[in-house]
Amino acid sequence: MRQFHNDRQWRQQKEKSSGYTLIEVMLVLSVMFMVLPLVFLKSATLHEHQGLKSFELQIQNLVYLAQFTAIAEERKVVLHFNKSDRVVTVQTDIFHEIYRLPIPPGVDINENTHSLTIQFNYKGSVDQAGSIIFQSAHYAYKLTFLIGQGRFYVEAI
C-alpha cells in the first residue's frame, strides 16, 4: 500500500484516478441507444391507442346528443359517418346539421352489421340493430346498437 507524505500528494493521486474511461462511457451510450427505440415504439402505440379511445368517447357523446335531441324535439335525428369527407355528423334533416366531428387521421370506420347512417326515432331509439367498427393500425372498437330504448355499448376488439 502506498503511503503519502502529505495531504497534497493524496489529493493529486485521487484526482488522477477519478472519472470514467472512454470504454465505460461508450458502453453506457451504446446500451442507451439500443433501449431508446423501444421506448419510442411503445409511446407511439400508446399515443395511437389514446387517440382512438378519445374518438370513441366523442362518438359516445354524439350518440347521446342524437338521442336527447330526438327526444327533446320529437323528431327523427340522423347520426351519419361520412367516410369520403372523413366527418361524423348529427342532423335533424338534410339541411340542419347539429354537430360535425372530424375523423382523426389513421382511424378507419367500417360498417359491420349496421350501415354508417343511424336513425333515431322521436323516442331516442334506433330502428335497426347492428354494429360499426372503428379501427387504427393496432386497435379496434365496436359500437353496437340494440333495439329498444336507445341502448348501445362500445367494446374493444
Side-chain angles (χ1 to χ4, degrees), residues 18-157:
S18 65
Y20 299 104
T21 65
L22 182 61
I23 292 176
E24 291 171 332
V25 171
M26 294 295 284
L27 184 64
V28 169
L29 286 176
S30 65
V31 168
M32 285 177 50
F33 285 130
M34 284 190 284
V35 171
L36 200 59
L38 298 174
V39 171
F40 283 125
L41 181 65
K42 187 66 177 172
S43 67
T45 56
L46 181 64
H47 180 70
E48 173 192 339
H49 183 258
Q50 290 300 323
L52 187 62
K53 181 68 177 170
S54 172
F55 181 67
E56 177 260 325
L57 291 173
Q58 290 174 332
I59 292 298
Q60 282 189 35
N61 288 334
L62 282 184
V63 170
Y64 289 130
L65 173 68
Q67 287 177 333
F68 294 150
T69 303
I71 293 168
E73 296 183 9
E74 294 183 348
R75 62 190 320 184
K76 182 176 76 171
V77 176
V78 176
L79 176 67
H80 180 67
F81 296 90
N82 189 336
K83 289 174 72 171
S84 60
D85 292 341
R86 298 203 49 82
V87 294
V88 181
T89 57
V90 177
Q91 302 171 328
T92 54
D93 55 38
I94 232 167
F95 301 110
H96 186 235
E97 188 174 276
I98 299 171
Y99 196 83
R100 174 182 279 264
L101 174 69
I103 299 171
V107 174
D108 291 327
I109 298 176
N110 299 310
E111 46 189 70
N112 189 22
T113 57
H114 201 291
S115 68
L116 296 179
T117 301
I118 297 120
Q119 294 184 8
F120 296 91
N121 61 23
Y122 70 98
K123 293 181 181 179
S125 298
V126 294
D127 296 329
Q128 177 187 357
S131 61
I132 296 173
I133 295 178
F134 315 117
Q135 61 187 18
S136 63
H138 299 96
Y139 301 98
Y141 286 95
K142 181 167 68 170
L143 171 66
T144 304
F145 292 95
L146 306 172
I147 294 289
Q149 300 178 353
R151 293 176 298 167
F152 72 97
Y153 64 92
V154 180
E155 65 181 336
I157 55 174

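- Side-chain atoms of Ile118 and His80, non-hydrogen and from C-beta on, never get closer than 4.5 Å to each other.
- The side chain to side chain contact (heavy atoms under 4.5 Å, CB included) test applied to Gln119 returns Lys76, Val78, not counting sequence neighbours.
- Using a distance-only test at 3.5 Å, with no hydrogens or angles considered, no donor-acceptor pair links the side chain of Ser54 to the main chain of Gln50.
- Ser131 has its side chain out of reach of His114: every pair of non-hydrogen atoms, C-beta onward, lies at least 4.5 Å apart.
- For the pair Asn112 and Ile132, the minimum side-chain heavy-atom distance is 4.5 Å or more.
- The number of heavy atoms from other shown groups lying within 6.0 Å of CD (Glu24) is above 12.
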Check: Between Leu79 and Phe81, does a side chain to side chain contact (heavy atoms under 4.5 Å, CB included) hold up when you go through it step by step?
Finding: CA-CA 7 Å; Leu79 176 67; Phe81 296 90; 4.2 Å; yes
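- Taking the side chain as every heavy atom from C-beta outward, Leu101 and Ile59 approach each other to under 4.5 Å.
- Counting heavy atoms from C-beta on, the side chains of Val63 and Phe120 come closer than 4.5 Å.
- There is no side-chain donor-acceptor pair under 3.5 Å between Thr45 and His138.
- Side-chain contact between Leu146 and Tyr153: present, with at least one pair of heavy atoms (C-beta onward) separated by less than 4.5 Å.
- The list of salt bridge (charged side-chain N to carboxylate O under 4.0 Å, His left out) pairs with a residue in residues 123-150, not counting sequence neighbours, reads Lys142-Glu155.
- In this view, Asp85 and Asn82, Val87 satisfy the side chain to side chain contact (heavy atoms under 4.5 Å, CB included) rule, not counting sequence neighbours.
- Between Gly150 and Ser125, the closest heavy-atom pair is N-OG, 3.3 Å.
- Atom-to-atom distance recorded for Gln128:CD and Ile147:CD1 is 7.5 Å, nearest 0.5 angstrom.
- Sequence neighbours left out, the pairs with a member in residues 50-69 that pass salt bridge (charged side-chain N to carboxylate O under 4.0 Å, His left out) are Lys53-Glu56.
- Of all the heavy atoms in Ser136 and Glu48, the pair that sits closest is OG-OE2, 2.6 Å.
- Listed by first and then second residue, the ring-ring contact (aromatic ring centres under 6.0 Å, His included) pairs that reach into residues 49-74 are His49-Tyr139, Phe55-Phe134, Tyr64-Phe152, sequence neighbours excluded.
- His96 is not listed as a side-chain neighbour of Gln91, based on a closest heavy-atom distance of 4.5 Å or more.
- The salt bridge (Lys or Arg N to Asp or Glu O under 4.0 Å) check on Arg100 picks up Glu97, with sequence neighbours excluded.
- Within 6.0 Å of atom CG in Leu29, more than 12 heavy atoms from other residues, nucleotides or ligands are found, so the atom counts as buried in its surroundings.
- Expressed to the nearest 0.5 Å, how far CD1 of Ile109 lies from CZ of Arg86 amounts to 7.5 Å.
- Here the OG1-CD1 distance, from Thr92 to Ile98, works out to 5.0 Å after rounding to the nearest 0.5 Å.
- Taking NE2 of His47 as the start and CG of Leu52 as the end, the distance is 11.5 Å to the nearest 0.5 Å.
- Side chains of Gln58 and Leu62 form no contact here, defined as non-hydrogen atoms less than 4.5 Å apart.
- The backbone N or O of Leu27 lies less than 3.5 Å from a partner atom in the side chain of Ser30, making a donor-acceptor pair.
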